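All chains are named by letter (A, B, ...) in the order of the sequence lines, taking the proteins before the strands, and each is independently numbered beginning at 1. Note that the structure is a prediction, hence the values are computed from the model and not measured.
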Number of protein chains: 2
Amino acid sequence: MTLKLDKVNRGPHLSTLVASSISREIAQGRLRPGDQLPTEQQLAQTFGVSRNVVREAIARLRSEGRIWSQQGRGAFVADEPNATVLTIDFDALQQATAFQSLFELRGILEVQAAALAAKRRTDDDLLAMKEALATMRNAPYGSVMWLKTDLEFHKTVAAATGNAYMVQFLMFVSERVRESILASGNQQRSEDLAAVTLGEHQRILDSIEAKNAEEAQEAMRAHLHGAASRVGLAEEQSE
Amino acid sequence: MTLKLDKVNRGPHLSTLVASSISREIAQGRLRPGDQLPTEQQLAQTFGVSRNVVREAIARLRSEGRIWSQQGRGAFVADEPNATVLTIDFDALQQATAFQSLFELRGILEVQAAALAAKRRTDDDLLAMKEALATMRNAPYGSVMWLKTDLEFHKTVAAATGNAYMVQFLMFVSERVRESILASGNQQRSEDLAAVTLGEHQRILDSIEAKNAEEAQEAMRAHLHGAASRVGLAEEQSE
DNA sequence: GAAACCGATGTTGTATGATAACCATGTAAG
DNA sequence: CTTACATGGTTATCATACAACATCGGTTTC
């Protein structure tokens, strides 16, 4: 417990700072699983905030499964982060291997989702996909609108699986991937790429329309392979 | 805002109940993106708790990205749950279709993880898997220890992919699935099943040891198929 | 008339103190 | 040795107060 907070802090809430500070102590191993946290009063004094703020931070960490607390005893670092919430550290994603791992995970989900979508899609699903693709055609390549509709298209594919969690997970992972790409500023910009990307999407759409799971899977794989190289990822042979 | 909380509530924290209650209002569309939440005072009055408890709930929802708040104005439902955290509502999982969806998602990840593990596993990975399997043999079927080592085995498989996010996601999903199964009390108990399950695990281990991705994939699929029927899930033809 | 100023009011952010419920521990009574 | 009780420490909750900020209306000023 070393961090001291300035009195003048017009940024995130104090509880957020306290929470991430404690979180860091845990991540860095200065607070080990099973360890008892300082009492709320001590924490309040250490950080120079009210006990109320500390409690908000504690509540947050508890909801994230990082700690657990018992009335009359204290708060303890959770043995295993049996989290009821899943988080991804943005900073860690800046490292190439981490990014590649997340990209791979997304790929697995996307490819399987495409196959399932081809089997289960309804006409409404198809309509939504076509609509998203049409919107993307009218957006300038690389623009915010373009990126948004790109994600939207993939979302409609995921939705066509009829699996709500597929949508939730895929969007979660994709968002993180997209953020990381934007942050690194690694995307190339070219008019040609727009046509290429749209063509890949069209192929996915067609195969799902034809209810051809094998083809949809392969089309999605090809699309992701293209996306990877566009971002400068040396992709590994898969399957 | 309808829920009234009993004064006598010796369960989860009040802030947890308030948070999930508001969360439900959002999920059910009674609070739409952009809508302003009632003031903290109103919420406190509605739920019959102090403003302090409401603030802890708000802090939690804010950290989950579901709402945002500005000093002097109020709290608002986030336009897009651009959450930096991913959560799964436990209550919703009680419904059969939701559970089935999550089970399917887990299956996708497990199967692909098994294939990747077969390709990339190191000798250390293999050792960890064997160790986990050995521990499971010594645990009584259906016991807490058994369930724990079962999860541990699957974790070692996921770890053998070398993809940290695969581990994180798979464990997250598996935990939720396991919780839901335990809550429903739907698992059968029989000595025979122990041998069957162990056999399935052994087959997975063997194929990964042989670096046979196809076989590992198939073994994992079979294992999950067995697990599904053991839990009473009518599984759908996949692939 | 338009723009700038000003104050009243409502809301969130934070601090402080108090009380109830609960746990752990030690100590005295049986 | 066991039980009962007293005590101190900790979390959970409540209540109140104040600071910081936003909004809105009226007033002044140009």
> Rounded to the nearest Å, what distance is computed from the CZ atom of residue B:F47 to the C1' atom of nucleotide D:dC14?
Replying inline: 17 Å
> Strictly by modelled atom types, are B:S15 and B:R60 linked by a side-chain donor-acceptor pair under 3.5 Å?
Replying inline: no
> Once you round it to whole Å, what is the distance between C1' of D:dG9 and CD of A:E40?
Replying inline: 12 Å
> D:dA12 P sits how many Å from A:L37 CG, rounded?
Replying inline: 12 Å
> Can A:K155 and A:E152 be counted as an ion pair, charged N to O under 4.0 angstrom?
Replying inline: no
> Taking the six-membered ring for Trp, are A:F153 and A:H201 parallel (under 30°), tilted (30 to 60°) or perpendicular (over 60°)?
Replying inline: parallel
> Starting at CD of A:E56 and ending at P of C:dT14, how long is that distance when rounded to a whole Å?
Replying inline: 7 Å
> A:Q36 or B:S15: which one's nearest nucleotide on DNA chain D is closer to the 5' end?
Replying inline: A:Q36
> Using a heavy-atom distance cut-off of less than 4.0 Å, which residues of residues 67-77 of chain A contact DNA chain C?
Replying inline: A:Q70, A:Q71, A:G72, A:R73
> For C:dA15, does OP1 or OP2 lie under 4.0 Å from any side-chain N or O of A:S50?
Replying inline: yes
>> So, using side chain to side chain contact (heavy atoms under 4.5 Å, CB included) as the criterion, who are the partners of B:Q70 when residues are at least two apart?
In response: B:W68, B:R73
>> Under a 3.5 Å cutoff, is there a donor and acceptor pairing between the side chains of B:T197 and B:R230?
In response: yes
> Is any side-chain N or O of A:R62 closer than 4.0 Å to OP1 or OP2 of D:dA12?
Replying inline: yes
> Separation of B:N52 atom CG from C:dA20 atom C1', in whole Å?
Replying inline: 15 Å
>> Any side-chain N or O of B:R55 below 4.0 angstrom from OP1/OP2 of C:dG13?
In response: yes
>> Taking atom CD as the centre, does B:Q28 end up with more than 12 heavy-atom neighbours from other residues, nucleotides or ligands that are less than 6.0 angstrom away?
In response: yes
> Of the nucleotides D:dT13, D:dA15, C:dT12, which one has an atom closest to the side chain of B:T39?
Replying inline: C:dT12
> Among C:dA15, D:dC14, C:dT12, which nucleotide sits nearest the side chain of B:L14?
Replying inline: D:dC14
>> Closest approach to the side chain of A:H13, judged atom by atom: which nucleotide of C:dG13, D:dC14, C:dA15 is it?
In response: C:dG13
> Hey, does the side-chain of A:R51 have a donor or acceptor N/O within less than 3.5 Å of a partner on the base of C:dG17?
Replying inline: no
> Would one find more than 12 heavy atoms of other residues, nucleotides or ligands at under 6.0 Å from atom CD of A:Q36?
Replying inline: yes
